[in-house]
Each structure stands twice: as C-alpha cells, then as structure tokens.
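The block underneath contains the structure these notes are about, expressed in structure tokens.
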There are 2 protein chains.
Amino acid sequence: MGFVPKNPQPALAPVDRAILRLLAQDARMPNNAIAEAVGIAPSTCLTRMRALREHGVIRGFHADVDPAALGLGIQAMIAVRLHAHTKERISSFTAEIPRLPGVIAAYHLSGADDYLLHVAVPDTDALRDFVLDHLTAHPAVAHTETSLIFGHMRGESVS
Amino acid sequence: MGFVPKNPQPALAPVDRAILRLLAQDARMPNNAIAEAVGIAPSTCLTRMRALREHGVIRGFHADVDPAALGLGIQAMIAVRLHAHTKERISSFTAEIPRLPGVIAAYHLSGADDYLLHVAVPDTDALRDFVLDHLTAHPAVAHTETSLIFGHMRGESVS
DNA sequence: TTTGAAACTGTTTAGAG
DNA sequence: CTCTAAACAGTTTCAAA
C-alpha cells in the first residue's frame, strides 16, 4: 500500500503550532497572553502571527454565531448532482453557491454527488423554497437530496 | 403548505445583528472599532458583546487554520450508517467522534445515513486507517461511504 | 441601557543583539 | 529571528443620567 506519496510540509515551528492551537480555541486571546503561554516576547509573537496570516496558514478569524439565534432554526445538508459536466455551467453554479442566502458552506466532492451544501433556514418552508428556487431550477442541477441536521459537533483537533 | 410552525426568535436588536456580522467576518476586530462601526459607545458595545456570549448567541471565536499547513493535505466526508439503533451503542459512538484524530466536524442527520464526518488527514493511507480503525471496527457502525473533498467554500451569510 | 472619562491593559514600533 | 523598552492604542470599570 501507499500508492500516493506522503505530503511533507515546508515545516512549521512548534511555537507556531502552539500559537495556532490557542487561536483556534480562542481567536480573541490577547497577543501578550499568547506570547506568555508559548514562551516568547509579545513582539515576537506578533511577528509570527502576521507571518502565519500572510502565508495563508491562518485564513481568518470568525465568531461562531448560533444560527438559531438569527432565526435560522433549521439546518440541512443537501447533496447536489450536476448534469454531465459542461465546464461553463458548472463554474456558473459554483460561483453562485456562496452567495445563496443561508449557505454556511459548500463542499466539492468526489463520488456520485458533486456538491454538498450546508444550509441554515428559518423553517421547512424556506428549506423547500431554497431547494426549488436555487437548486432544482438551475440548469446545471440534475438531482438533489436533502437531509435535516439533528445536531452537530466541532472536532477537537483542527480547523 | 406550512405544516411546521414558523420559528419566531426572542427578538435580536439590529445593533446586535450588526455586531455579529462584523465579528463573524473578523473575530479580532477591536471593540472600539466595532462600536464606531455600529454607532454606539465602546462601553456599550462591550456590554452587548458580553450579553451575546452569555446568552449563547456567540458560541466562540476561532481562527480558521488551513489544515494543509498542518500537514493534513487530504479532506474527506464520510457518511456513516449505524446498526439498528441501540441507544447505548449510539451514544458511545457519538461521544467518541469529536475526540477522533482529524475530525473537523460531525453532523447527525436524518435519512439513510446517520452521521456525516468531515475529516482532515495527512494522506490516503491515513484516511484508510481512519475508516478501518475508528469506524469499520466500531460495533455500532454498519456501513461507511467516503468522498474526497476537492474544495470547499464558506458561505457569505451566517456562521 | 446607555454613556463619558479615567484607570488599566494590551499592541506595536524601533533599535540593538 | 529575537528581544527590551517606550510610545501608542484599546479595554474595562464606574458613577451618573
């Protein structure tokens, strides 16, 4: 086994990994607190954090807002299958996805389904309207399958 | 239509929605900058932010770290089907999920598949090992189906 | 609930090793 | 690449409205 080569990374210093772990846990942790926790000076910590941002290791800092508090009490995963792939149609579809109202994330997948859409909507009526108006009606879409999300949990490792 | 009632929320002030929108975009935005942007005093902004946290509207602040930079170059969605539901077995499975190495998120779904696991691993060998060691080997698991993630995009609306 | 003002804490730059 | 130290900026408390 092992047909695909390993993926060695340009090497990330242990200090940087520690900084990332802390920021992934609490993105509003003050720079000097991070510095103290990882054992470097605040100015050094700032330099490293900036480098991590500039090199794309840190993509951004986001508040995790409960969709239900915004009136979006229903979440769903929608598997989307596209018609035999015309690149233009597909790219028009993919370009529209992140702008659709209620889309939390979209995943481009291998396998039978082409896309997986994570959406949050106010109620089941809105879910039906979302699928009918934005997916079924789209010329690139061949088939969709919607599953309600009963609950979800963040992993303790990455992201 | 409309068999399921709408989901009216306890009402969230427009100021709070504005604060949430800014923090979802940039969780490290300074309190006084948020205050100015939404047109309130920094002290008021602080009070409201604290209330949003305490009421669970804001669940946390997280850095979005590129898994590839951590040597996790492969991401996948794994659909998991469990055996006819013994509550104890299921809860033992769900309790273990977030602790599994490489799990970014887990979704409990309606429909044919019970769970959807979003994972990040170093290579395809690690993916195979993850499925074999943690899923196939588990007594509660009846079936799994793995799809590679070619790419993903965050929505512009919530979360 | 809101605020301004003061006290406090954290950030950032500059310069040297 | 790291640090100390100083200047600067942001956070937080508090008393008043």
Side-chain angles (χ1 to χ4, degrees), chain A residues 7-73 154 158-159, chain B residues 7-73 154 158-159:
Chain A
N7 227 321
Q9 282 310 118
L12 196 57
V15 197
D16 287 325
R17 298 188 89 97
I19 294 171
L20 291 173
R21 193 173 39 74
L22 291 168
L23 283 173
Q25 252 165 54
D26 177 10
R28 278 187 86 84
M29 189 170 179
N31 176 66
N32 63 0
I34 298 167
E36 193 185 3
V38 306
I40 55 177
S43 52
T44 309
C45 191
L46 198 68
T47 308
R48 288 191 166 273
M49 251 181 74
R50 277 209 273 247
L52 289 168
R53 282 247 252 164
E54 272 156 21
H55 293 131
V57 177
I58 297 173
R59 294 159 171 159
F61 301 100
H62 305 285
D64 177 14
V65 178
D66 182 3
L70 297 168
L72 305 173
R154 282 178 75 88
V158 268
S159 204
Chain B
N7 226 321
Q9 282 312 117
L12 197 57
V15 198
D16 287 325
R17 299 186 86 98
I19 294 171
L20 292 173
R21 195 172 38 75
L22 292 168
L23 284 173
Q25 252 165 53
D26 177 10
R28 278 187 86 84
M29 189 170 179
N31 176 67
N32 63 359
I34 299 168
E36 192 183 7
V38 306
I40 56 177
S43 50
T44 310
C45 192
L46 198 68
T47 309
R48 287 192 166 270
M49 252 182 74
R50 277 210 272 246
L52 289 168
R53 280 248 252 167
E54 273 157 20
H55 293 127
V57 176
I58 297 173
R59 293 159 171 160
F61 302 99
H62 305 285
D64 178 14
V65 178
D66 182 3
L70 298 169
L72 306 173
R154 282 179 75 88
V158 268
S159 204

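Values below: all heavy atoms of this structure, side chains included; hydrogens, waters and symmetry mates excluded.
The distance from atom CE of B:M49 to atom P of D:dT11 is 9 Å, rounded to the nearest whole Å. Regarding B:I34, its CD1 atom lies at a distance of 12 Å from the C1' atom of D:dT11, rounded to whole Å. Here the P atom of nucleotide D:dT2 and the CD atom of A:E36 are 18 Å apart, to the nearest Å.
Evaluation of the side chain to side chain donor-acceptor pair (under 3.5 Å) rule for A:D66 yields B:R59 as partners, not counting sequence neighbours. Applying the salt bridge (Lys or Arg N to Asp or Glu O under 4.0 Å) rule to A:R28 yields no partners; only residues at least two apart in sequence or on another chain are considered. In this structure B:A51 satisfies the side-chain contact (heavy atoms from CB on, under 4.5 Å) test together with B:H55, sequence neighbours excluded.
Within the helix from C:dT1-D:dA17 to C:dG17-D:dC1, the inter-axis angle between the opening and closing five-pair segments is 30°, rounded to 10°.
Annotation for B:N32 and B:P42: closest pair CB-CG, 4.2 Å, computed over non-hydrogen atoms. Contact detail for B:L46 and B:N31: the closest heavy-atom pair is N-OD1, 3.5 Å.
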(request) Before giving the answer on side chain to side chain contact (heavy atoms under 4.5 Å, CB included), spell out for A:V65 and B:R21 the whole-Å C-alpha distance, their side-chain angles and the decisive distance to 0.1 Å. (result) CA-CA 9 Å; A:V65 178; B:R21 195 172 38 75; over 6 Å; no
(message) One pair to check against side chain to side chain contact (heavy atoms under 4.5 Å, CB included): B:D64 and A:F61. What are the steps and the verdict?
(response) CA-CA 6 Å; B:D64 178 14; A:F61 301 100; over 6 Å; no
(request) Encode nucleotides 10-17 of chain C as B, S and - characters from 5' to 3', where the letter depends on protein heavy atoms closer than 4.0 Å: B to the base, S only to sugar-phosphate, - to neither. (result) SSBB----
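Among residues at least two apart or in separate chains, salt bridge (Lys or Arg N to Asp or Glu O under 4.0 Å) pairs with a member in residues 31-50 of chain A are A:D16-A:R48.
Counting non-hydrogen atoms under 4.0 angstrom, A:A41 reaches a base of the nucleic acid.
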